[in-house]
Amino acid sequence: MALPSETVYGLGANAEEPAAVSRIFEVTGRPPSHPPIVHIGGTEHLDDWVQDVPGTARLLAEHFWPGPLTLVLRRVLAFPLEATGGLETVAVRVPDHRVALALLSAFGGGVTASSANRFGSLSPTTADHVRAELGDGVDFVLDGGSCEVGVESTIVAATGDTPTILRPGGVTREDLETVLGCPLAVPSTSRVRVPGRHPSHYAPHARVVLVEPEKVVAEAERAQERGHQVGVFLPPSFTGAPVKAHAVVTVPGSVAAYARGLYGLLRELDLRGCDLIVASLPVEEGLALAIANRLRRAAGPRPCE
Ligand code: TXA
Ligand code: MG
């Protein structure tokens with residue numbers, strides 16, 4: 001079943017039932033190398049799933065749970081290996097959503113859940129998006145409204161004494177650093193052009209091209225003239241003449257609103273028939289680090305290229 005969370009909707013199954021967990025891989029088409037996250041109802045359940053939890057990880061859990069933070073820790077031996085993609089570690093989080101917490105509390109166990117989308121495509125932030133992504137592949141969708149955060153949780157590898165960020169997300173690097181009292185490593189980033197080594201992920205059907213903010217309009221109009229159906233992510237400060245493109249959305253000025261709307265806006269441009277989306281990266285601080293990460297990944301080379 002699909003369930004809401006504060007970040008994106010998840011496709012969930014009883015974490016202790018390997019057959020149910022393998023359905024998640026089947027329905028979403030994800031490879032075993034991308035195991036889902038175990039969702040638990042509270043920090044008090046952490047030790048049911050993981051062992052050798054360092055003090056830094058407990059500190060983060062106490063501080064940010066329930067919330068958009070996932071901790072990767074050493075799994076307890078009883079946890080089915082199939083559910084972790086054969087890894088000795090497991091990713092765990094406590095979602096900050098009334099409906100998800102009620103479900104977890106009524107169920108009592110852990111719910112392993114991936115984002116409720118086909119592998120590589122946009123994460124759903126409404127129940128309708130889940131239906132559009134997975135159709136009959138999902139038995140039912142628990143509708144908890146639109147997701148408040150809009151981008152996935154921040155994943156932190158926390159097995160050692162020095163945590164590292166594996167995926168930027170809803171909890172900012174700055175907030176993590178404040179709690180830990182030390183700087184954190186983040187995945188390598190690049191300038192605007194996307195390096196070839198990252199295949200696309202979090203991607204709409206339309207191709208995504210990233211340029212400097214002041215070049216968005218010119219790039220979009222040039223591509224439209226060449227015959228593309230261009231969707232434009234206009235920077236919030238733009239005040240010029242109407243843009244000659246197929247579909248134009250203005251990026252929200254507040255970073256929280258941008259994160260909340262990001263996947264919905266990309267989906268909208270797909271629905272409006274765009275085959276190319278021109279956007280720029282926001283300044284990578286706070287929540288915008290996650291937005292930029294998703295846009296870069298969306299612009300990565302497609303599997304068939
Ligand atoms: O906000 C979220 O995290 C959402 C909601 C539904 O909770 N979930 C989500 O799940 O984004 P998913 O499956 O789309 O992304 C989970 C990521 C995958 O990229 C997977 O590779 C990584 O977590 N992951 C899972 N277990 C891991 C582990 N043991 N070590 C490193 N990465 C892991
Ligand atoms: Mg996902």
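Both counts, for ligands and for their atoms, begin at 1 and track the order of listing.
The shortest non-hydrogen separation linking Gly300 to Ser200 is O-CB, 3.3 Å.
One finds a salt bridge joining Glu26 and Arg23 here, because a Lys/Arg side-chain nitrogen approaches an Asp/Glu carboxylate oxygen to under 4.0 Å. Taking 4.0 Å as the cut-off between side-chain N and carboxylate O, Glu88 and Arg74 do not count as a salt-bridged pair. For the pair Glu225 and Arg222, the salt-bridge criterion is not met [side-chain N within less than 4.0 Å of a carboxylate O].
Figure legend: cation-pi geometry between Arg294 and Tyr202, with NZ or CZ positioned under 6.0 Å from the six-membered ring centre and within 45° of its axis.
Under the 3.5 Å distance criterion, the side-chain polar atoms of Thr154 are matched with a main-chain donor or acceptor of Gly169. Judged by distance alone, with hydrogens and angles left aside, the side-chain atoms of Arg267 form a donor-acceptor pair with the main-chain N or O of Leu122 at under 3.5 Å.
Residue Glu6 places no heavy atom under 4.0 Å from ligand 1.
Counting heavy atoms under 4.0 Å from ligand 1, residue Thr84 does not touch it at all. Only the side chain of Val72 comes within 4.0 Å of ligand 1, counting heavy atoms alone; its backbone N, CA, C and O stay farther away.
Shortest contact from atom 23 (O) of ligand 1 to any protein heavy atom: Ile155 CD1, 3.2 Å. What sits closest to atom 5 (C) of ligand 1 on the protein, heavy atoms only, is Thr7 OG1, 3.5 Å. Ranking the protein heavy atoms by distance from atom 28 (C) of ligand 1 puts Leu87 CD1, 3.6 Å first. For atom 16 (C) of ligand 1, the nearest protein heavy atom (residue, atom name, distance) is Ile37 CD1, 3.6 Å. Regarding atom 14 (O) of ligand 1, its nearest protein heavy-atom neighbour is Ser115 OG, 2.7 Å. Atom 3 (O) of ligand 1 has Ser153 OG, 2.5 Å as its closest protein atom, hydrogens excluded (heavy atom only). Atom 29 (N) of ligand 1 has Thr89 OG1, 3.0 Å as its closest protein atom, hydrogens excluded (heavy atom only).
Separation of the His39 and His97 ring centroids does not fall under the 6.0 Å cut-off. In summary, the aromatic rings of Phe25 and His34 are positioned with their centroids too far apart to meet the 6.0 Å limit.
Backbone or side-chain N, O or S atoms of Ser123 do not reach the Mg ion (ligand 2) at under 2.8 Å.
Side-chain contact between Arg58 and Leu46: present, with at least one pair of heavy atoms (C-beta onward) separated by less than 4.5 Å.
Within ligand 1, counting atoms from 1 as listed, the ones closer than 4.0 Å to a heavy atom of Val8 are 4 (C), 6 (C). Every atom of ligand 1 with a heavy atom of Gly10 under 4.0 Å away is listed here by number and element: 6 (C).
In this comparison of His39, Arg30, His201, the heavy atom closest to atom 12 (P) of ligand 1 sits on Arg30. The residue among Gly170, Ala116, Pro35 with a heavy atom at the shortest distance from atom 24 (N) of ligand 1 is Pro35. Compare His34, Arg93, Glu152, Arg167 by their heavy atoms: the one nearest to atom 15 (O) of ligand 1 is in Arg167.
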